[in-house]
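See below for the structure under consideration.
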Amino acid sequence: MRWWDIDPVLELEKDLFPEDAWSRGMFWSELAHARGAEATRRYLVAEVAGEQDEGGVRVIGYAGLATNGDQADIQTIAVARDHWGTGLGATLLTELLTAASEFECAEVMLECRVDNVRAQKLYERFGFAPIGFRRGYYQPGNVDALVMRLTTDPDSGSAAESPSVQGTEIHD
């Protein structure tokens with residue numbers, strides 16, 4: 001993800017997370033840590049050609065990862081509603097797990113809304129296990145978060161086995 005992706009990402013963010021959408025400043029802040037030798041973030045966008053945007057592409061998903069030492073935290077994964085069920089979420093998650101490996105992280109954490117069963121099932125397929133709750137984490141809706149963790153195993157190969165989505169370009 002680059003600065004020029006922020007506007008289309010914000011449109012998707014507001015559609016998918018109307019109560020607790022990230023702001024432009026939040027994305028700028030994360031991207032400030034995504035480049036250079038001291039990078040601690042990896043942000044991706046998924047685009048499909050031939051749709052919408054003046055450049056002939058449309059952002060249909062995005063994802064982000066933050067690292068601190070040997071721990072990574074999935075900050076966000078989002079897929080446009082008309083691309084649900086295509087495997088794009090799994091592809092984005094695979095890319096984030098690959099990034100966590102590149103950052104040499106031993107575990108990956110995330111928070112997921114307790115009412116987002118679709119996402120929970122995706123994370124469980126990749127080996128994430130629930131470890132607790134954060135009460136009222138998502139504001140202003142006061143929705144609890146399920147905290148999940150994946151302890152990386154270099155021999156598991158789970159990230160490498162995820163299928164890619166035809167016609168979708170993912171880049172950071």
Side-chain angles (χ1 to χ4, degrees), residues 1 6 9-34 39-46 60-81 83-162 170 172:
M1 182 185 301
I6 292 177
V9 163
L10 282 172
E11 288 179 34
L12 190 52
E13 176 84 1
K14 289 173 185 172
D15 176 52
L16 297 171
F17 311 111
E19 289 185 356
D20 49 9
W22 282 23
S23 68
R24 180 181 314 280
M26 291 171 77
F27 280 108
W28 270 104
S29 177
E30 289 296 292
L31 291 179
H33 300 283
T40 58
R41 308 287 194 272
R42 180 76 44 88
Y43 275 79
L44 311 166
V45 292
I60 58 169
Y62 57 92
L65 177 88
T67 64
N68 185 10
D70 68 348
Q71 186 177 65
D73 190 74
I74 293 177
Q75 301 294 294
T76 187
I77 295 180
V79 173
R81 295 177 197 277
H83 283 77
W84 285 2
T86 65
L88 181 55
T91 299
L92 289 167
L93 181 54
T94 296
E95 292 292 327
L96 293 182
L97 294 177
T98 299
S101 294
E102 291 168 358
F103 281 117
E104 299 181 359
C105 295
E107 72 178 356
V108 181
M109 307 286 292
L110 62 84
E111 293 89 17
C112 180
R113 290 174 63 106
V114 294
D115 58 357
N116 191 345
V117 176
R118 174 187 291 274
Q120 291 171 33
K121 288 181 179 182
L122 170 65
Y123 301 137
E124 288 170 356
R125 278 193 358 240
F126 277 77
F128 282 85
I131 61 168
F133 294 93
R134 292 197 172 144
R135 302 289 177 207
Y137 182 78
Y138 293 99
Q139 293 297 325
N142 200 35
V143 177
D144 295 344
L146 175 65
V147 180
M148 301 180 84
R149 176 178 57 206
L150 172 68
T151 302
T152 60
D153 175 0
D155 298 324
S156 71
S158 62
E161 294 171 8
S162 178
I170 298 180
D172 57 4

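Numbers here simply count residues along the sequence, with the first being 1.
- Counting heavy atoms from C-beta on, the side chains of R41 and L31 never come closer than 4.5 Å.
- Contact between V108 and A100 at its shortest, heavy atoms only, is CG2-CB, 3.8 Å.
- Side-chain contact between L110 and I77 is absent, with no heavy-atom pair separated by less than 4.5 Å.
- Atom-to-atom distance recorded for E11:CD and K14:NZ is 8.0 Å, nearest 0.5 angstrom.
- Taking every heavy atom of both residues into account, P18 and D15 meet most closely at CD-O, 3.8 Å.
- Sorted by first then second residue, the side-chain hydrogen bond (donor to acceptor under 3.5 Å, both in side chains) pairs that include residues 60-70, not counting sequence neighbours, are E13-Y62.
- Under the 4.5 Å side-chain criterion, counting only non-hydrogen atoms from C-beta, Y43 is in contact with T76.
- Counting heavy atoms from C-beta outward, L65 and F103 have side chains that approach closer than 4.5 Å.
- Taking Y138 as the reference, nothing meets the ring-ring contact (aromatic ring centres under 6.0 Å, His included) condition, with sequence neighbours excluded.
- Between F27 and W22, the ring planes are tilted. Angles from 30° to 60° get that label.
- A distance-only check finds no donor-acceptor pair linking the side chain of R42 to the backbone of T98 [under 3.5 Å].
- With rounding to the nearest 0.5 Å, the separation of CD in E102 from CG in L96 is 11.0 Å.
- For the pair F128/I74, a side-chain contact is recorded, criterion being any heavy-atom separation below 4.5 Å from C-beta on.
- Residue Y123 holds its OH atom at 7.0 Å from CG of N116, rounded to the nearest 0.5 Å.
- Side-chain contact between C105 and Q71 is absent, with no heavy-atom pair separated by less than 4.5 Å.
- The two residues A90 and F126 have their closest heavy-atom pair at O-CZ, 3.7 Å.
- Contact check for L146 versus F133: side-chain heavy atoms found under the 4.5 Å cut-off.
- For residues 142-152, the salt bridge (charged side-chain N to carboxylate O under 4.0 Å, His left out) pairs, not counting sequence neighbours, are E107-R149, R135-D144.
- Every residue two or more places apart in sequence or in another chain that forms a side chain to side chain contact (heavy atoms under 4.5 Å, CB included) with Q139 is listed here: N142.
- Remark: S29 pairs with no residue by the side chain to side chain contact (heavy atoms under 4.5 Å, CB included) rule, at least two apart or across chains.
- Scanning all heavy atoms of the two residues, the minimum distance from Q120 to D115 falls at NE2-N, 4.4 Å.
- Interatomic distance, CD of E19 versus CZ of R113, reported as 6.0 Å (0.5 Å rounding).
- With sequence neighbours excluded, the residues satisfying side-chain hydrogen bond (donor to acceptor under 3.5 Å, both in side chains) with R134 are E111.
- Using a 4.5 Å cut-off on side-chain heavy atoms (C-beta onward), L93 and R125 make no contact.
- Of all heavy-atom pairs between A46 and L92, the closest is CB-CD2, 4.4 Å.
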